[in-house]
**Student:** 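Just passing along the structure, written as structure tokens.
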Amino acid sequence: MDKTLPDLATAVAGIDDGMTVMIGGFGGSGAPIELVHALIDRFLATGHPKDLTVVNNNAGNGHVGLAALIEAGMVRKLICSFPRSADPVVFTEAYRAGAIELELVPQGTLAERIRAGGAGIPAFYTPTSFGTDLAQGKPVEEFEGRPYVQERWLKADVALVKAHLGDRLGNLTYRMAGRNFNPLMCMAAAQTIVQVSHIVEPGGIDPEAVVTPGIFVQGVVEVASPAQEEDLNRAGAVYPEAAA
Amino acid sequence: MDKTLPDLATAVAGIDDGMTVMIGGFGGSGAPIELVHALIDRFLATGHPKDLTVVNNNAGNGHVGLAALIEAGMVRKLICSFPRSADPVVFTEAYRAGAIELELVPQGTLAERIRAGGAGIPAFYTPTSFGTDLAQGKPVEEFEGRPYVQERWLKADVALVKAHLGDRLGNLTYRMAGRNFNPLMCMAAAQTIVQVSHIVEPGGIDPEAVVTPGIFVQGVVEVASPAQEEDLNRAGAVYPEAAA
Amino acid sequence: MKLTPSQMAWRAAQDIADGAYVNLGIGFPEMVAKFQPPGREAIFHTENGILGFGEAPAAGTEDWDLINAGKKAVTLKPGTAFFHHADSFAMVRGGHLDVAILGAYEVAETGDLANWSTGPKGVPAVGGAMDLVHGARQVAVLTDHVTKDGKPKLVQRCSLPLTGVGCVTRIYSSLAVIDVSLGRFVLREKLAELTLEGLQALTGATLHLDGPVADLTVSEL
Amino acid sequence: MKLTPSQMAWRAAQDIADGAYVNLGIGFPEMVAKFQPPGREAIFHTENGILGFGEAPAAGTEDWDLINAGKKAVTLKPGTAFFHHADSFAMVRGGHLDVAILGAYEVAETGDLANWSTGPKGVPAVGGAMDLVHGARQVAVLTDHVTKDGKPKLVQRCSLPLTGVGCVTRIYSSLAVIDVSLGRFVLREKLAELTLEGLQALTGATLHLDGPVADLTVSEL
């Protein structure tokens with residue numbers, strides 16, 4: 001079994017119009033910028049994929065990564081918890097122009113819905129959002145005298161994930177708080193495509209230290225020195241450069 | 001902050017009559033035998049605790065560990081998935097005599113109910129057990145055309161857990177498949193008491209390799225060379241020895 | 001004139017694709033791992049939190065923290081991963097396994113499976129079976145075709161408490177290979193020396209044909 | 001004649017016990033970590049999957065994979081642990097935190113909190129606040145007593161979209177320390193130079209007394 005992929009273009013080749021795409025990361029930490037940029041490259045070359053529903057904690061920052069994906073006009077709907085950032089201009093303008101739909105989800109509920117999607121749990125109850133606008137239209141049930149809101153699982157066609165080490169079986173580790181949503185999204189997508197800083201031989205990751213077991217991963221591509229969104233934004237980067 | 005405890009007797013001193021006690025392990029792997037034996041010692045010396053509700057995957061094997069706890073007459077009810085083992089005589093006799101109540105739970109549902117208890121999820125839906133005797137009396141709801149059974153969270157007053165490394169903040173690692181239910185039970189109990197093979201300094205566990213963060217742990221006691229249930233049973237051990 | 005458990009396991013192993021994620025039930029199904037065809041490498045999952053483990057260790061070298069769901073010792077392989085029980089059953093319930101192969105007391109033509117309780121007299125024990133019948137893309141049963149008393153285990157409706165409703169997709173019995181499809185048993189292979197009538201007489205529900213029935217051929221083992 | 005954000009943070013820090021597990025909201029609440037009294041060591045949790053992190057690194061030495069929920073760089077300490085978002089919110093929702101300190105647009109005497117939306121005109125952003133108001137044993141708010149326009153932020157009923165119902169237990173404002181108990185504001189401390197009547201005039205709901213009101217004393221900082 002060998003899940004390694006030769007390059008980024010191959011890694012994103014299977015993503016089609018209208019798909020739901022989970023993108024890992026919390027702000028820039030753990031964000032698979034190179035995979036996202038490869039997806040933009042494909043769109044610029046072929047006009048596809050478009051009309052994507054994207055799941056991410058945020059809505060992009062500056063003009064790279066997820067913000068660039070939105071700026072390219074590829075995203076029809078965003079499911080996220082916090083569409084603000086240091087420089088949220090791309091999302092904010094698209095949202096105000098009615099060019100992008102927003103489903104706002106509390107962060108813990110977003111995480112749990114994604115985990116539920118991966119774990120075969122179609123619905124669960126949480127105290128979060130009870131009595132607020134974000135619970136509107138959702139069933140409420142009382143357990144042990146306290147009200148809870150029913151939330152539904154969230155699944156995706158594809159997850160784009162950033163990890164640190166990966167082997168050809170798809171076992172993964174992450175780097176510090178770059179872990180965040182990535183292991184959950186690996187579980188919840190039909191196709192999980194991962195960019196790793198280093199591909200190692202099976203056994204190169206301590207079995208005790210594997211965070212995502214390979215069963216949740218379909219493709220692994222090495223990006224040896226991944227960019228950090230924060231560094232790109234401080235340098236004023238724009239993707240693609242020609243658009244600057 | 002120092003969660004280390006001086007000895008096993010101190011570790012189990014707070015467990016009272018009628019409590020719900022989760023005990024980690026899958027068969028003998030990851031089973032905190034020394035903590036369980038310390039609890040039996042306390043009962044033999046003081047008559048307490050008794051009328052315990054115990055949560056474990058199994059129902060004991062031979063005459064040590066959980067089997068010995070049942071044999072001592074301390075367990076009123078057992079919540080488990082698989083009360084069979086190589087030598088299940090203690091549970092089987094107690095069950096047939098009507099001396100112990102059994103709540104049988106599918107293994108994945110048991111794991112998820114415990115996780116839900118720790119994660120503040122009072123109820124969730126699972127396909128598991130739909131249409132079977134184990135779904136009797138439980139609400140059923142259809143999602144996307146498929147029926148699911150509503151299951152409730154499971155919490156405990158105390159969890160007795162076996163880990164490998166632990167620091168004074170309560171951060172833990174486990175040893176191979178000795179992990180099993182232990183990290184989940186840490187989350188679901190008001191008081192989680194852990195026996196570890198080695199207490200290390202904070203920082204002695206790689207932050208990436210921590211399996212149970214210390215927030216889920218209240219007490220850590222070192223048992224440097226823990227017994228394996230399998231070895232004890234092959235040697236024909238009985239606890240306490242005087243009962244042999 | 002019937003297959004041994006090893007032979008049933010061998011036959012089941014022939015259907016497992018290279019790279020498949022597989023859970024093998026306690027007992028006879030565990031033997032399937034031994035008969036992977038050359039050049040194929042399935043990855044085995046066990047409920048108690050190991051993916052990609054290796055075969056049994058030599059006697060005396062067991063590590064009792066490294067066991068499978070049947071509490072038997074296994075070994076590490078390059079690429080093994082450990083995880084807790086909730087993650088383990090996320091793999092199961094979440095549909096990430098390709099194949100689960102389980103034992104059976106009874107299998108009905110509806111796909112219903114009974115394999116956890118022989119009724120109110122015994123001590124019931126369900127383990128992971130009720131979870132495994134949901135989630136794996138293919139839920140196969142490996143079983144003697146009849147009970148020790150000669151009664152059919154493949155039936156119209158299960159008489160014992162169910163493990164799952166409409167979940168079984170294929171049966172590897174000691175006499176035949178049978179698919180469960182649209183509420184019917186569809187015969188795919190049978191022992192050459194057995195007539196269709198002879199097999200039907202040992203089966204508690206109608207065997208349907210959908211294309212040719214191949215000979216069930218298994219080496220001696 | 002009001003506390004600075006640093007002074008509010010200092011006051012809030014005095015109530016955090018040694019060994020407490022604490023989540024600090026984005027913005028002013030983050031400053032609470034700087035003012036832990038000597039001899040006490042709280043353990044800080046951030047939604048994005050770190051427990052027990054250290055203070056901000058020197059400028060230029062940031063690692064952007066090591067950030068808090070406000071996307072600010074933090075540091076490792078001995079005993080830091082990393083985990084994914086579902087585990088992180090299990091800590092929150094599961095009641096494992098001792099204290100959460102959040103910002104507020106409005107707090108009602110019922111304990112209702114509004115801190116995520118200023119209404120339909122802006123871009124809404126909820127983050128982890130709706131989860132944090134459930135689960136932490138103590139949910140405190142750190143806020144200016146009035147808005148920039150001088151309107152009360154402590155009110156009878158919130159006019160803005162709610163973050164949570166009946167969740168706030170204590171308010172550290174720029175003028176006072178107030179408990180929220182049984183649907184009432186109970187005044188515990190106020191700036192000495194402020195009369196009760198003066199404070200009441202800046203507060204949108206009745207301030208109740210339950211025992212003596214202490215002077216709110218904070219060093220210069």
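Proteins come first, then strands; the chains are lettered A, B, ... in the order of their sequence lines, and each starts at number 1.
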**Student:** Contact between C:V107 and C:L113 at the side-chain level, heavy atoms closer than 4.5 Å - yes or no?
**Tutor:**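 They are in side-chain contact.
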**Student:** Please tell me if the side chains of A:Q107 and A:L110 come closer than 4.5 Å, counting only heavy atoms from C-beta onward.
**Tutor:**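 No, their side chains stay 4.5 Å or more apart.
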**Student:** What parts of residues 19-34 of chain A touch chain C if we use heavy atoms and a cut-off under 4.5 Å?
**Tutor:**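 At a heavy-atom separation under 4.5 Å, chain C is reached by no residue of residues 19-34 of chain A.
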**Student:** Among C:R188, C:R40, C:R170, exactly one meets salt bridge (charged side-chain N to carboxylate O under 4.0 Å, His left out) together with C:D15. Which residue is that?
**Tutor:**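 Option passing the salt bridge (charged side-chain N to carboxylate O under 4.0 Å, His left out) with C:D15: C:R170.
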**Student:** Taking all non-hydrogen atoms of both residues into account, name the closest pair between A:P213 and C:A81 and its distance.
**Tutor:**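 That closest heavy-atom pairing would be CB-CB, 4.1 Å.
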**Student:** With sequence neighbours excluded, tell me which residues meet salt bridge (Lys or Arg N to Asp or Glu O under 4.0 Å) with A:R76.
**Tutor:**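 Residues passing salt bridge (Lys or Arg N to Asp or Glu O under 4.0 Å) with A:R76: A:E101.
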**Student:** Taking heavy atoms only and a threshold strictly under 4.5 Å, list by residue number the residues of residues 44-68 of chain C that touch chain A; give 'none' if the list is empty.
**Tutor:**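 Interface residues of residues 44-68 of chain C: C:L51.
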**Student:** Has the side chain of C:W10 got a donor or acceptor atom that lies under 3.5 Å from a matching backbone atom of C:V32?
**Tutor:**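 Checked: no pair found.
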**Student:** Under the side chain to side chain donor-acceptor pair (under 3.5 Å) criterion, do C:T206 and C:E109 qualify, and how do the steps go?
**Tutor:** CA-CA 8 Å; C:T206 304; C:E109 61 186 352; 5.5 Å; no
**Student:** Using atom types as modelled and distance alone, determine if a side-chain donor or acceptor of A:T46 lies under 3.5 Å from a backbone N or O of A:R42.
**Tutor:**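 At least one qualifying donor-acceptor pair exists.
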**Student:** Quick check for you: among A:G120, A:G118, A:P207, A:G117, which has the greatest number of heavy-atom pairs under 4.5 Å with chain C?
**Tutor:**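 The answer is A:P207.
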**Student:** Counting a contact as any heavy-atom pair under 4.5 Å apart, which residues of residues 147-180 of chain A contact chain C?
**Tutor:**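 So the qualifying residues are A:D167, A:L169, A:N171.
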**Student:** Locate the shortest heavy-atom distance separating C:Q7 from C:S219; write the atom from each residue and the value.
**Tutor:**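 Nearest heavy atoms, C:Q7 then C:S219: NE2-O, 3.0 Å.
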**Student:** Is any side-chain heavy atom of C:T163 closer than 4.5 Å to one of C:M130?
**Tutor:**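 SC-SC contact between C:M130 and C:T163 confirmed.
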**Student:** The test is side chain to side chain contact (heavy atoms under 4.5 Å, CB included); show your working for C:F35 and C:R11 and say whether it passes.
**Tutor:** CA-CA 8 Å; C:F35 299 112; C:R11 176 61 193 83; over 6 Å; no
**Student:** Please tell me if the side chains of A:F130 and A:V140 come closer than 4.5 Å, counting only heavy atoms from C-beta onward.
**Tutor:**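 In contact.
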**Student:** Backbone N or O of C:H145 within a donor-acceptor pair of the C:S173 side chain at under 3.5 Å?
**Tutor:**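 No, the answer is negative, given that no donor and acceptor are paired below the 3.5 Å cut-off.
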